[in-house]
Amino acid sequence: MQTHMHLNENQRIAAQYKDAHILVLAGAGTGKTLTIMARAAYLIQRGVDPGRILLLTFTRRAAREMIDRLYLSIGKSARDVTAGTFHHFCLLTMRRMSKQFGIQEYTVIDREDQTDLMKLVRANFLKKKVIFPHASELIKIYSYARNTNIGPMKYLKKHTDHDEDTMKKICIVFKEYDKRKEANRYLDYDDILHRFAKKLHDDPAIAEKLRGLYDHILVDEMQDTNPLQWLILDGLKEPSKLFCVGDDAQSIYAFRGADFRNVHSFRRRVPGAVVLRLEDNYRSTQSILDVSNWLLKESPLNYKKNLKAKRESGDKPALIDFETEFDEAKWIADDLIKRHETGASWSDHMILTRTAWNSRTIEAILVEKNIPYVFIGGVGLLQAAHVKDLLCLVRASISHYDELAWIRYLTLWPKIGDITASRAIASMKEAPNATEAIHVMKKQFKTGQKIAEGPKLIQKYINEPAKALKAGARFLDPILSKRYNKWMSRKKDFNLLEQLAERYRSLLQFIETYTMDPISTTEATRSEGKDCVSLITIHSAKGTESSVCYIIRAEPGMYPYIRSLGEEDEEEEERRILYVAMTRAKDELVLTRTGTRYGKTVFHGGAVGSYFLATLPETLVESQSEWEGVFSASENSKNYGVIRPRKRYQ
DNA sequence: GAAGCGTTATACTAT
DNA sequence: ATAACGCTTC
């Protein structure tokens, strides 16, 4: 990282550009974040009210970090800048104008709830057993179609090969899903953007108001915004000025509707926009960039990227082979300990993983060896079954429309399954208010009195989330302790939850925050600023950096990921994922791979399927094999078997 | 008909 | 770890 707010010429020109919409094309490590912050600082110093600056980032973590850094540079006024993700910003704004947006009493639901709701709709729609996409697949299709602003039918025709009849049925199911969602007063992630964008474009009075909120909109990771997000920027951009920063080579969210080409069309979309470039890399050594550059050059797409280091050439990246993921994990843990003993901080190390579950082995070893770490990405604390049980009790207490929460809560009780629960909930829907609804529900069951106690308990503490959770946890304890093995270790999560909740003024706010920004258990436990190793998915690692980076499981079937094989667009996205991973490293890059694929040892001969590192020139890395008795690392890559594309899910 | 239990299959990325 | 499924019990 460059010294604080010390800008090079191009960064300075970008940060201080006047009166224009600006796109900054900034390669990895060229000081993207620094330039955005310098822009904010410059604007504020020139007299712009910080409250009239909107900073849109990709994760809430990124927003927090930027505001913290801005605080160090310009002080208190940094806190007045609105910073967050598109979803966060849109929801916040809609909550402030909840009457105009008609979202009072609405509950935000996550992907899992979306899928569960879709399951109900799907089951209702299908008479008998027919071949029909699963709920998770339906949600994926619908979400993608909405984020790219194309109709579901158009999407289905373009991306699947279902027959006409099935496609029509799928579209009907989507309509049913919408209806059910509305009846439950749910907002899914896509609704948050969609409702906002719709008002912005269809309601001139509200649009006028929204456009007047900010003078400057700064957007990080522009390459990963999708067409729906673009509608939002487009609607807000006059008289506000856009300052967008991105890099096509780091676009890794196509599955969410982003298109890496979208930064190229910026000038067409925004007439008169100025496009600037940052090309000097301050982050990494040249040896790390050499491998990264090589990877992009191998692509059939022309990224026109050749990162040049401002730093020394440094050590060559290492490529190390292991027989099993267990060996790999142990080696990394020992390497970390060695480095720590010679004076390095744990926090100088980042372990990058393609998939969240791939990190399980290494996580176990880190725990075993007492290496402090934080896991970022993947499944959250709030997804654990027992935590969901408690949160659903809370949700049910807040909203009597919340069908999923009620089903979950009611089915915790003996002799109540989903069918009985659904019936009771259907009768509740008629009730005019929450109190009446609970009264109606109570009468359905012999144990009704006891069942109704839970929500009543929670309702007492609507504005004291920690107390509500404590009361809820105590209330559910007898049921949950019977339900789960190892209950004592699960129960600990409730204390953690209570601690988190203390920071919030209402239950609604607490639930909403963590629904939109799920965190892992280690992330919740870690005290701020603690020295620890980061174990992180590459998708979550965007925008971060570390002195030493380990990219684990860099074997065939992983880069490109096995499911993308055969689809050029998808394989190229996988290339960018690996590129993002490599360019996080400042001083040392260690690629490790195993001979295990899906639990089986792979060392049969034959041609290599699509595997990026198969053609990696030996001069670019130091190869090493910890796989005793087997061929050397360089031979190794040639001896991996053919990888065939897995049958695609329809 | 519905609940509940035990067995088996299964894993990408995320707001 | 959990969802899905088949089977048994109420």
Side-chain angles (χ1 to χ4, degrees), chain A residues 56-63 84-91 108-112 114-116 119 123 129 134-136 139-140 143-144 146-147 187-194 196 221 224-226 228-229 232 251-258 352-360 376-380 383-388 410-423 482-486 489-490 512-520 536-542 553 557-565 570 573-574 576-578 580-581 597-599 646 649:
Chain A
L56 295 172
T57 57
F58 211 69
T59 61
R60 274 215 134 133
R61 198 174 330 105
T85 62
F86 278 82
H87 291 83
H88 177 225
F89 156 69
C90 290
L91 184 65
V108 175
I109 57 167
D110 65 9
R111 194 57 176 257
E112 206 182 327
Q114 284 184 57
T115 309
D116 287 345
K119 272 180 202 159
K129 283 199 174 179
H134 286 146
S136 56
I139 287 292
K140 204 169 162 181
S143 179
Y144 187 91
R146 296 183 76 191
N147 276 284
L187 286 175
D188 65 25
Y189 290 138
D190 306 325
D191 292 324
I192 293 171
L193 301 184
H194 196 260
F196 188 92
E221 311 285 3
D224 281 320
T225 54
N226 60 39
L228 181 54
Q229 290 169 321
I232 291 167
S251 172
I252 56 174
Y253 277 88
F255 65 93
R256 239 171 63 176
L352 293 137
T353 172
R354 173 68 183 79
T355 69
W357 57 272
N358 245 316
S359 66
R360 274 184 50 191
I376 299 164
V379 281
Q383 254 111 317
H386 59 293
V387 175
K388 267 210 123 169
L410 291 176
T411 53
L412 287 176
W413 299 87
K415 307 203 178 179
I416 303 177
D418 21 342
I419 291 165
T420 313
S422 294
R423 279 188 197 134
K482 263 184 265 168
R483 201 178 178 85
Y484 297 106
N485 305 327
K486 295 189 193 161
S489 78
R490 281 183 183 253
E512 208 158 272
T513 304
Y514 289 101
T515 307
M516 291 182 62
D517 189 20
I519 53 171
S520 68
I536 188 168
T537 62
I538 297 168
H539 284 82
S540 304
K542 236 171 38 143
R553 303 295 304 270
M558 207 57 84
Y559 300 97
Y561 196 72
I562 195 159
R563 286 176 72 158
S564 70
L565 295 179
E570 291 181 30
E573 172 133 318
E574 297 293 318
R576 295 190 294 267
I577 291 170
L578 185 55
V580 167
R597 203 160 63 226
Y598 300 104
R646 220 178 79 139
Y649 206 106

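Per chain, numbering begins at 1; letters A, B, ... match sequence-line order. Just so you know, these numbers use all the heavy atoms, side chains as well, and skip hydrogens, waters and symmetry mates.
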Atom [atom1] of [X] to atom [atom2] of [N]: distance rounded to whole Å?
{"X": "A:Leu410", "N": "B:dG4", "atom1": "CG", "atom2": "C1'", "value": "17 Å"}
{"X": "A:Met558", "N": "B:dA11", "atom1": "CE", "atom2": "P", "value": "14 Å"}
{"X": "A:Glu221", "N": "B:dA14", "atom1": "CD", "atom2": "C1'", "value": "13 Å"}
{"X": "A:Arg553", "N": "B:dT13", "atom1": "CZ", "atom2": "P", "value": "13 Å"}
{"X": "A:Asp116", "N": "C:dA4", "atom1": "CG", "atom2": "P", "value": "8 Å"}
{"X": "A:Ile252", "N": "B:dC12", "atom1": "CD1", "atom2": "P", "value": "17 Å"}
{"X": "A:Leu565", "N": "B:dC12", "atom1": "CG", "atom2": "C1'", "value": "13 Å"}
{"X": "A:Leu228", "N": "B:dT15", "atom1": "CG", "atom2": "C1'", "value": "12 Å"}

Inset, instruction - Kindly write out the residues that satisfy side chain to side chain contact (heavy atoms under 4.5 Å, CB included) with A:Ser251, not counting sequence neighbours, or none if the list is empty. - result: A:Gln223, A:Asp224, A:Phe260, A:Arg576
Inset, instruction - Establish, from distance only, whether the side-chain atoms of A:Asp190 and A:Ser143 form a donor-acceptor pair under 3.5 Å. - result: yes
Inset, instruction - Hey, which sits more toward the 5' end of DNA chain B by its nearest nucleotide, A:Ile416 or A:Thr85? - result: A:Ile416
Name the nucleic acid region contacted by [X], choosing base, sugar-phosphate or nothing; use a 4.0 angstrom heavy-atom cut-off, strictly under.
{"X": "A:Arg61", "value": "nothing"}
{"X": "A:Arg576", "value": "nothing"}
{"X": "A:Lys119", "value": "sugar-phosphate"}
{"X": "A:Thr411", "value": "nothing"}
{"X": "A:Asp190", "value": "nothing"}
{"X": "A:Arg111", "value": "base"}
{"X": "A:Phe58", "value": "sugar-phosphate"}

Is any side-chain nitrogen or oxygen of [X] closer than 4.0 Å to OP1 or OP2 of [N]?
{"X": "A:Ser564", "N": "B:dC12", "value": "no"}
{"X": "A:Arg360", "N": "B:dA11", "value": "no"}
{"X": "A:Arg256", "N": "B:dA14", "value": "no"}

Heavy atoms from C-beta onward define the side chain here; which of [options] lies closest to that of [X]?
{"X": "A:Thr537", "options": "C:dA3, C:dT2, B:dA14", "answer": "B:dA14"}
{"X": "A:Thr420", "options": "B:dT13, B:dA2, C:dA3", "answer": "B:dA2"}
{"X": "A:Arg563", "options": "B:dA14, B:dA3, B:dC12", "answer": "B:dC12"}
{"X": "A:Ala385", "options": "B:dT15, C:dT2, B:dA14", "answer": "C:dT2"}
{"X": "A:Arg354", "options": "B:dA14, B:dT15, B:dC12", "answer": "B:dC12"}
{"X": "A:Arg423", "options": "B:dG4, B:dA2, C:dA3", "answer": "B:dA2"}
{"X": "A:Tyr561", "options": "B:dC12, B:dT13, B:dT15", "answer": "B:dC12"}
{"X": "A:Thr355", "options": "C:dT2, B:dC12, B:dT15", "answer": "B:dC12"}
{"X": "A:Asp418", "options": "B:dG4, B:dT13, B:dA3", "answer": "B:dA3"}

Inset, instruction - Check whether any side-chain heavy atom of A:Lys415 sits under 4.5 Å from a side-chain heavy atom of A:Thr420, and report yes or no. - result: no
Inset, instruction - Would you check if A:Arg61 and A:Asp517 make a side-chain contact, meaning some heavy-atom pair closer than 4.5 Å? - result: no
Legend entry - Exam field: side chain A:Glu573 to backbone A:Ala254, donor-acceptor pair closer than 3.5 Å: yes
Legend entry - salt_bridge(A:Arg563, A:Glu570) N-O dist < 4.0 Å: no
Legend entry - Charged N-O contact under 4.0 Å between A:Asp418 and A:Lys119: no
Legend entry - side chain to side chain contact (heavy atoms under 4.5 Å, CB included) partner of A:Ile577, the single match among A:Ile252, A:Thr537, A:Leu352: A:Ile252
Inset, instruction - Could you walk me through whether A:Glu221 and A:Tyr253 pass side-chain contact (heavy atoms from CB on, under 4.5 Å), step by step? - result: CA-CA 10 Å; A:Glu221 311 285 3; A:Tyr253 277 88; over 6 Å; no
Between the protein and nucleotides 7-10 of chain C, which nitrogen or oxygen pairs are less than 3.5 angstrom apart?
none

